[in-house]
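Report on one structure; see the data block that follows.
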Amino acid sequence: MPDQKPLPNPELRVIPRDQHNVSRKDISPNALRVLYRLRDAGFSAYLVGGAVRDLLVGGNPKDFDVATDATPEQVRQQFRNCRLIGRRFRLAHVVFGREIIEVATFRANVDDGSGDRETHEGGRLLRDNVYGTIEDDAVRRDFTANALYYAIEDFSVRDYTGGFEDVQNRLMRLIGDPETRYREDPVRMLRAVRLSAKLHFEIEAATAAPIPVLAPLLSEAAPARLFEECLKLFLSGHAVESFIRLERHGLLSALLPESAAAMKANRSGVLRAIVLEGLRGTDLRVANDEPVSPAFLFALLLWPAYCRALIALQAQGVHAAEAQRRAADRVTVHQLSMVALPRRFSLPMQEIWLLQSRFALRQPKRVSRMLTHPRFRAAFDFLSLRLTASDEHAADVAFWRDMQAQAGDPADDGFDPDTTPGRDDGEEHAPRKRRRRRGAPVAAGE
């Protein structure tokens, strides 16, 4: 573990209202209610973090967070619609219908001996509930761009870390020693990529330098947390840019190791081309406010790994249909050790893969069954996507498009949430048993 380097001493810079573009009309009315009520109760309270950053660059924040010197229990006393959550980070959630305003107490960056701050022997932060001042809170945040505070009393922006200038220069810069901060929380490396992709910022050189070396630390993060981070990376409208930056900073091989290895070994580049084309479609659907299923997303991201595993099994003489099932299971199990993909998504993902070989079968009864399969539309969209690699499947795409037109396209949209048809309780269900049948192998290198 590297020596713990102290965080920089904060120096306050106040940016008055006439020198920034943050306006109350762009802030959630519920966030303003929280700010004013805490202020009227004698507490300090500021809009903080991503909301201030996004407003400064002309964006529209989805979430509005508040930082205050009130403890979570004191916040709950002010709001009947408040609940306290979290053990690692104790927070107050003030609930206004479907909107939640997250209120965090200023935190210090030292261990006061109370047991409320705990770190792993490798430096990873396990618990952080030691409260402090706004200056303490500013320097313990991850990036300077996220350490900006909007003050409701005079409408100024308070900057303790140089974040205002970094936002103007479109830079993501870690506060403190980058290696130490990444070891505290390895997911910060993914956050650096995600935020820079979203905002079209560059990652500052010293902040970027340790990432390729420390990327393996992601294996220490909770798989469920990495699943959520994947959704943020690829389902927020900037999937292509996130993917490219993950590659650039050596994080793709840590997050999706088998797919990264398969794309690296694929000299023609068609596997990577398919993934990028699929991510472009995902970004387009998000921009059009259309749903995108995590099952389809992971079918796309893990397709290179599936193809490589399938080719290896077929080279060993495994029967085509059995090789497909074994490749799907192998890739899924291996990826689950890194990213906790829930079964309600992993099972439909596998079905999308396994249905690919059935598009070559055109017997009338099989066509009829295929059209009514609950995963048909998602699988067909995936087949269409594979045209990026070659036109080998053009005839199949044309045939099944005609079949859908004749049948009135009864199939569900494959991008909708992947739950079992007829059930809306969110339970996970085992796939239906199918009799074994011969299936044409998926074309290699696709």
Side-chain angles (χ1 to χ4, degrees), residues 50-51 53-55 57-63 145 170 172 187 189-203 226-256 259-260 262-263 266 269-307 335 339 341-342 345-346 348-349 352-353 375 377-389 393 397 412-418 446:
R53 176 201 69 215
D54 290 353
L55 289 170
V57 297
N60 297 305
K62 293 183 179 180
D63 302 305
R170 308 190 78 83
M172 294 301 301
V187 175
M189 293 183 283
L190 295 180
R191 282 174 53 80
V193 167
R194 174 168 60 83
L195 293 174
S196 67
K198 170 189 174 181
L199 299 166
H200 302 289
F201 281 22
E202 289 300 318
I203 302 178
L226 291 181
F227 171 71
E228 294 299 328
E229 197 63 31
C230 282
L231 298 187
K232 293 176 183 177
L233 279 162
F234 297 114
L235 296 184
S236 299
H238 44 83
V240 172
E241 191 61 30
S242 292
F243 181 88
I244 292 172
R245 293 182 184 224
L246 286 172
E247 283 186 318
R248 181 189 308 164
H249 295 287
L251 288 168
L252 190 67
S253 58
L255 190 64
L256 304 169
S259 279
M263 286 185 284
N266 180 227
V270 296
L271 289 175
R272 184 175 183 273
I274 290 175
V275 172
L276 286 174
E277 184 63 24
L279 293 178
R280 288 187 192 97
T282 297
D283 286 343
L284 182 60
R285 291 185 68 89
V286 171
N288 292 334
D289 200 25
E290 297 173 341
V292 184
S293 165
F296 192 94
L297 171 68
F298 278 91
L300 174 68
L301 293 174
L302 298 180
W303 176 251
Y306 170 75
C307 288
Q335 187 60 44
V339 178
L341 182 60
F345 300 131
S346 64
M349 173 189 76
I352 291 171
W353 291 339
R375 225 61 67 195
R377 181 56 186 271
F380 174 76
D381 288 341
F382 201 92
L383 178 70
S384 301
L385 178 61
R386 290 169 63 198
L387 291 178
T388 302
H393 308 290
V397 170
D412 290 336
D413 187 338
F415 289 93
D416 285 340
D418 288 286
E446 297 179 1

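- The nearest pair of heavy atoms linking Leu55 to Gly59 is CD2-O, 4.0 Å.
- Listed by chain and number, the residues in a ring-ring contact (aromatic ring centres under 6.0 Å, His included) with Phe382 are Phe296, Trp303 (sequence neighbours excluded).
- Between atom OG of residue Ser384 and atom NE2 of residue His393 there is a gap of 11.0 Å, rounded to the nearest 0.5 Å.
- Lys198 NZ to Arg191 CZ: the interatomic distance, rounded to the nearest 0.5 Å, is 10.0 Å.
- Between Val339 and Phe298 there is a side-chain heavy-atom pair separated by less than 4.5 Å.
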Requested in this report: Output, in order, the C-alpha distance, side-chain angles, deciding distance and verdict of side-chain contact (heavy atoms from CB on, under 4.5 Å) for Leu256 and Leu246.
Outcome: CA-CA 10 Å; Leu256 304 169; Leu246 286 172; over 6 Å; no
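- Closest of all the heavy-atom pairs between Leu279 and Leu297 is CD2-CD1, 4.0 Å.
- Minimum interatomic distance between Pro348 and Arg375 (heavy atoms only, all atoms of both residues): CB-NE, 3.7 Å.
- To the nearest 0.5 angstrom, Met172 atom CE is 4.5 Å from Leu195 atom CG.
- Without hydrogens or angle criteria, Ser236 side chain to His238 main chain gives no donor-acceptor distance under 3.5 Å.
- Applying the side-chain hydrogen bond (donor to acceptor under 3.5 Å, both in side chains) rule to pairs touching residues 247-256 yields Glu247-Arg272, sequence neighbours excluded.
- Here the CG atom belonging to Leu252 is positioned 11.5 Å from the CD1 atom belonging to Ile244, to the nearest 0.5 angstrom.
- Note that OG1 of Thr388 and CG of Leu276 are 10.0 Å apart. Values are rounded to the nearest 0.5 Å.
- The minimum heavy-atom distance linking Leu385 with Gly278 is given by the pair CD1-N, 3.5 Å.
- Phe201 and Arg245 make their closest contact through O-NH1, 2.6 Å (heavy atoms, listed as atom of the first residue, atom of the second, distance).
- Surrounding CG of Asn60 are at most 12 heavy atoms belonging to other residues, nucleotides or ligands under 6.0 Å away.
- Classification of Asp54 and Lys62 as a salt-bridged pair fails, no side-chain N sitting under 4.0 Å from a carboxylate O.
- Taking the side chain as every heavy atom from C-beta outward, Ile352 and Asp381 never approach each other to under 4.5 Å.
- Using a 4.0 Å cut-off between charged side-chain N and carboxylate O, Glu202 and Arg170 make no salt bridge.
- Arg285 places a side-chain N or O within donor-acceptor distance of the main-chain N or O of Pro291, the cut-off being under 3.5 Å.
- Looking at Pro304 and Asn266, their side chains never come closer than 4.5 Å, going by heavy atoms from C-beta outward.
- The side-chain heavy atoms of Phe234 and Asp283, taken from C-beta on, include no pair separated by under 4.5 Å.
- The backbone N or O of Leu233 sits less than 3.5 Å from a side-chain atom of Ser242, completing a donor-acceptor pair.
- In this structure, CG in Leu190 is found 10.5 Å from NZ in Lys232, a value given to the nearest 0.5 Å.
- Ser259 places a side-chain N or O within 3.5 Å of a backbone atom of Leu301 that can act as its donor or acceptor partner.
- Checking side-chain atoms of Glu277 against main-chain N and O of Arg386 turns up no donor-acceptor pair under 3.5 Å.
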